[in-house]
Amino acid sequence: MFKQGLWAFELEINGRDLILNDIILSAKSITKDYKMGASIIHVLKGIDLKIRHGEILVIIGPSGVGKSTLLHIMGGLDRPTSGKVVINSTSVFELDDTALARFRNQTIGFVFQFHYLLPEFTALENVAMPGLIGNKPRSEVYKKAEKLLRDVGLGERLEHKPNELSGGEQQRVAVARALMNDPMILLTDEPSGNLDLESSRSLHELLYKLSREKNQTIVIVTHNQELAQMADRVIELFDGRIKNETSQNRRD
Ligand code: ADP
Ligand code: MG
């Protein structure tokens, strides 16, 4: 079929977007309103965004501007008021809730500020969970979970439960879990927002390593300047729109 080209291009055929090339996510005219009693808050007022395969995109902006809202919409966790998101030629909000949940499980990895690991389960079991939910064979899933935990530097912590791990280690488990189903895109929402300096650094290095070694596409919402500097592209949200977009040379 089509080879990934150096240059991104898009065709529209009979009103359907056919995305050939290295663009794997395209968000079009996204708006999001929230109803608060009698009033409506217009959080996102028209966001257009394309994400290329293998890039690290950072989203910054003041608290409350809608960064998490946008990230959730990009990952199909929340539906926009209008607009659409196309991931690898699937228009995600045209899927019903069941199909959307399946699509998310197979396509997107999420890492949040708070890890949301399941407390009664070990690191290994937590990482395995998305694979088991995706109905993959158990032995294969556990083997892969172990490998992922080794990759994130936790090969010696397989049987630890979340409360037996440090904050930085818990986030690494969350990253490994997010990678369980080889997601096309890893979406992270202030992943180091709750960590000390040293753990933040090592988490940032892990994300960077994933990008460099596996060409993993990563979107990061962050306040962290150091993390923003590692990105290929930084987008700044302000008043519901993209205010600034900066491409930068990644520092290898
Ligand atoms: P950020 O991540 O940039 O700090 P959010 O995306 O979390 O911002 O929120 C953007 C705005 O939308 C905020 O004003 C927030 O209060 C509002 N908001 C977020 N979620 C909801 C919700 N479920 N209901 C009503 N308002 C919401
Ligand atoms: Mg947020």
Side-chain angles (χ1 to χ4, degrees), residues 25-51 55-87 92-93 95-97 100-101 104 107-117 167-168 170-175 177-178 183 185-197 199-201 203-204 206-207 217-246:
L25 184 149
S26 161
K28 296 185 184 176
S29 312
I30 299 292
T31 71
K32 181 70 180 180
D33 300 338
Y34 285 114
K35 224 185 195 154
M36 293 301 285
S39 62
I40 292 178
I41 323 173
H42 303 287
V43 177
L44 301 177
K45 300 178 180 173
I47 303 276
D48 289 285
L49 190 56
K50 288 186 167 79
I51 297 170
E55 84 169 324
I56 299 187
L57 173 74
V58 158
I59 301 174
I60 58 171
S63 180
V65 76
K67 302 182 297 296
S68 297
T69 303
L70 177 61
L71 198 77
H72 294 171
I73 290 172
M74 287 199 292
L77 267 183
D78 196 3
R79 290 178 186 269
T81 302
S82 66
K84 70 176 178 176
V85 171
V86 178
I87 299 177
V92 301
F93 297 113
L95 302 173
D96 64 30
D97 286 350
L100 181 55
R104 259 198 326 261
T107 316
I108 310 284
F110 286 100
V111 178
F112 301 98
Q113 180 173 0
F114 302 100
H115 55 74
Y116 299 119
L117 298 173
Q170 290 169 351
Q171 278 306 57
R172 285 168 173 272
V173 175
V175 170
R177 177 183 56 182
I185 309 172
L186 183 63
L187 299 177
T188 71
D189 195 352
E190 309 203 30
S192 54
N194 210 23
L195 300 180
D196 60 58
L197 192 62
S199 308
S200 301
R201 284 229 164 103
L203 186 74
H204 300 163
L206 171 64
L207 293 174
T217 309
I218 309 177
V219 180
I220 308 169
V221 166
T222 188
H223 288 293
N224 189 294
Q225 208 49 43
E226 207 173 73
L227 191 50
Q229 277 171 8
M230 297 179 359
D232 297 303
R233 198 151 55 108
V234 179
I235 275 172
E236 185 182 357
L237 292 189
F238 188 74
D239 192 25
R241 297 193 166 87
I242 294 175
K243 180 185 164 197
N244 263 314
E245 181 169 337
T246 327

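Whatever order the structure lists ligands and atoms in, that order sets their numbers, starting from 1.
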Item to check | Sub-4.0 Å heavy-atom approach of S63 to ligand 1 | outcome: yes
Item to check | Pair T31, T81: side-chain N/O donor-acceptor within cut-off below 3.5 Å | outcome: no
Next on the checklist: Any nitrogen or oxygen of V43, side chain or backbone, less than 3.5 Å from one on ligand 1?
Outcome noted: no
Checklist entry - Any idea which part of M36 is under 4.0 Å from ligand 1, heavy-atom wise: side chain, backbone, both or neither? => result side chain
Checklist entry - Quick check: does T69 have an N/O/S atom under 2.8 Å of the Mg ion (ligand 2)? => result no
Checklist entry - At what distance is the nearest protein heavy atom to atom 7 (O) of ligand 1, and which residue and atom is it? => result S68 CB, 3.8 Å
Checklist entry - For K28, does its backbone N or O pair with a side-chain atom of D48 as donor and acceptor, under 3.5 Å? => result no
Checklist outcome for this item: Among non-hydrogen protein atoms, atom 6 (O) of ligand 1 lies closest to T69 OG1, 2.5 Å
Checklist entry - Considering only the protein, which heavy-atom contact is closest to atom 14 (O) of ligand 1, and what is its distance? => result G64 O, 3.7 Å
Next on the checklist: Considering non-hydrogen atoms of the protein only, which is the closest contact for atom 23 (N) of ligand 1, and what is the distance?
Outcome noted: Y34 CE2, 3.6 Å
Checklist entry - Counting heavy atoms only, which of P62, G240, G66 is nearest atom 8 (O) of ligand 1? => result G66
Item to check | Closest approach of F238 to P62 (non-hydrogen atoms, all atoms of both residues) | outcome: CD1-CG, 4.2 Å
